[in-house]
2 protein chains.
Amino acid sequence: MTKEEVIKEYRVREILDAARRVMARYGMQGTTVDRVAEEAKVAKGTIYLYFDTKDELVNAAVIEGLREMAAEVLASDDPSKPPLERIRRLILAQFRIQSSNQDFLKTLIIGNSLDIELESQPGREFMRVYAGHLDFVASVLQDAIDHGAIRRIDPQFAAFMLGEMLTGSLRRRLLKLASSPLESDAEAVVELFLKGIATIPCD
Amino acid sequence: MTKEEVIKEYRVREILDAARRVMARYGMQGTTVDRVAEEAKVAKGTIYLYFDTKDELVNAAVIEGLREMAAEVLASDDPSKPPLERIRRLILAQFRIQSSNQDFLKTLIIGNSLDIELESQPGREFMRVYAGHLDFVASVLQDAIDHGAIRRIDPQFAAFMLGEMLTGSLRRRLLKLASSPLESDAEAVVELFLKGIATIPCD
DNA sequence: GCATAGACTGACTGTACGTTCATTTGACTG
DNA sequence: CAGTCAAATGAACGTACAGTCAGTCTATGC
């Protein structure tokens with residue numbers, strides 16, 4: 001690798017890291033080329049020596065971030081462990097990696113889906129609607145617990161996870177990771193969720 | 001209610017519906033006041049008679065959309081059914097309601113987290129990283145199936161849902177719906193996921 | 001049928017921000 | 001040390017878009 005290529009790679013890395021820090025701090029909406037340039041301690045023009053457009057820069061920053069995290073998960077795997085232990089470690093590793101990338105992930109997960117600050121009038125209203133819905137689902141679960149129909153589990157936690165599976169099913173369709181109709185996932189989610197929390201999960 | 005109030009409510013509803021249609025079609029980024037005005041067949045200025053800022057408009061449109069969906073879920077509930085059946089119906093109802101609001105939800109779930117078109121160079125690259133990761137997790141699950149350690153389940157589906165639970169845990173913290181450290185969720189997810197798919201889920 | 005209020009309009013303004021490019025810097029060469 | 005050239009700079013430009021407001025339209029009351 002020539003000297004120029006080393007410098008180029010160093011600059012690119014520096015700019016991408018800066019972009020990710022800016023995204024974490026200001027959210028997707030608030031990420032401007034000026035801010036990235038300031039954070040990377042280079043002039044605005046310099047960024048355009050390495051990236052054609054702002055979009056290209058932001059996309060590269062996000063994809064590179066995900067790539068690094070995926071690589072870290074892969075590196076944590078030990079195929080020689082017994083299968084269940086391997087899955088357990090896989091989950092724990094992902095948790096660890098996620099939490100050390102919290103700020104970055106935040107912009108992908110909430111920050112920009114709505115560009116809402118949690119501590120603001122609309123943010124609180126949004127959360128009131130959402131929390132109300134979760135409370136309702138949790139109350140149905142609590143009712144089932146009281147009837148001994150499912151095992152004792154934190155109903156708020158379970159309600160939230162159920163919601164994640166439901167929106168996840170839709171997301172999976174939208175990402176074209178599954179082409180069967182949405183309805184056919186319903187039974188699969190029921191099965192996964194219920195067998196996970198039912199008192200008598202054995203057939 | 002006076003005549004003026006009726007007209008006002010009608011206008012507000014009309015504008016909010018238009019905003020949601022624009023959001024669905026152009027994504028959060030591409031939602032401009034001009035487009036909403038055109039879609040609602042009113043002048044730009046009219047929108048500012050009912051909403052102080054664009055942010056207020058967008059927030060109202062999103063929150064109203066969520067509110068309507070939450071109300072629909074609530075209306076579908078029948079507390080007289082047995083608990084497990086009630087949960088089952090709850091899940092199915094949410095699936096139904098989600099799919100009839102697909103376009104709207106899309107902007108909240110993916111469209112704008114990254115403002116990426118799925119069918120584009122960066123979109124494909126993004127998906128390649130993500131799909132690669134899912135393939136890896138699925139292969140671990142497949143391995144466990146082959147060893148008879150977990151029950152037969154679509155490994156791609158399970159891998160995706162596991163990922164949803166993991167990012168869900170983070171999202172739950174970020175939304176301030178749980179304050180305990182992220183790590184303490186790890187065991188709960190392991191439990192929910194494994195007991196859901198393990199061959200021998202009974203203690 | 002005229003007057004008045006206020007709902008509605010859309011051309012206009014200000015600005016934030018992505019992108020460009022003429023100029024400067026500084027590392028390397030002979 | 002002078003000459004060369006790519007890398008870097010940041011002022012300037014163009015555009016898209018949120019927000020404004022002077023003017024028009026329409027309904028209601030007299």
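In the text below, chain A, chain B and the rest are named by the order of the sequence lines, each starting its count at 1.
With rounding to whole Å, B:Y26 atom OH is found 15 Å from D:dA16 atom C1'. Rounded to whole angstrom, the span from the CD atom of A:Q29 across to the C1' atom of C:dA16 amounts to 12 Å. The OH atom of A:Y10 sits 17 Å away from the P atom of D:dA7 (whole-angstrom rounding). Following rounding to the nearest Å, B:K41 (NZ) and C:dA7 (P) show an atom-to-atom distance of 23 Å. Between B:L57 atom CG and D:dC17 atom C1' there is a gap of 14 Å when expressed in whole angstrom units. Remark: P of D:dA6 and CZ of A:R11 are 17 Å apart, rounded to the nearest angstrom. At whole-Å resolution of the value, CE in B:M28 and C1' in D:dC17 are 17 Å apart. As rounded to whole Å, 16 Å separates atom C1' of D:dC21 from atom CD1 of B:I47.
Summarising the geometry, atom CD belonging to A:E72 is positioned 15.0 Å from atom CZ belonging to A:R67; distances are rounded to the nearest 0.5 Å. Atom CZ of B:R21 is separated from atom CG of B:D103 by 12.0 Å, given to the nearest 0.5 angstrom.
For B:A43, whose side chain is taken as the heavy atoms from C-beta onward, the closest listed nucleotide among C:dG18, C:dT9, D:dC17 is C:dT9. Nearest nucleotide to the side chain of B:D34, out of D:dA8, C:dA7, D:dA18: D:dA18. In the set D:dA18, D:dA8, C:dC8, the nucleotide with an atom closest to the side chain of A:L49 is D:dA8. Here the side chain of B:Y48 is nearest to one of D:dT20, C:dT19, C:dT9, namely D:dT20. Which of D:dA7, D:dT9, C:dT9 sits closest to the side chain of B:V42 comes down to C:dT9.
Among the heavy atoms of the strands lying under 4.0 Å from B:T46 is at least one base atom, whether or not backbone atoms are also near. Residue B:F51 is classed as having no contact, given no heavy-atom separation below 4.0 Å to the nucleic acid.
B:R173 places a side-chain N or O within donor-acceptor distance of the main-chain N or O of B:S180, the cut-off being under 3.5 Å.
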Would A:E14 and A:R11 count as a salt bridge (charged side-chain N to carboxylate O under 4.0 Å, His left out) if you check the C-alpha gap in whole Å, the side-chain angles of each, and the deciding distance to 0.1 Å?
-> CA-CA 5 Å; A:E14 209 168 38; A:R11 272 285 132 78; 3.4 Å; yes
Trace of the salt bridge (charged side-chain N to carboxylate O under 4.0 Å, His left out) decision for B:E38 with B:R35 = CA-CA 5 Å; B:E38 194 191 339; B:R35 276 182 175 156; over 6 Å; no
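Contact of A:K44 with C:dG18 (side chain to base): a donor-acceptor pair of N or O atoms is detected under 3.5 Å.
Phosphate proximity of D:dA8 to A:Y50: present, with a side-chain N or O under 4.0 Å from OP1 or OP2.
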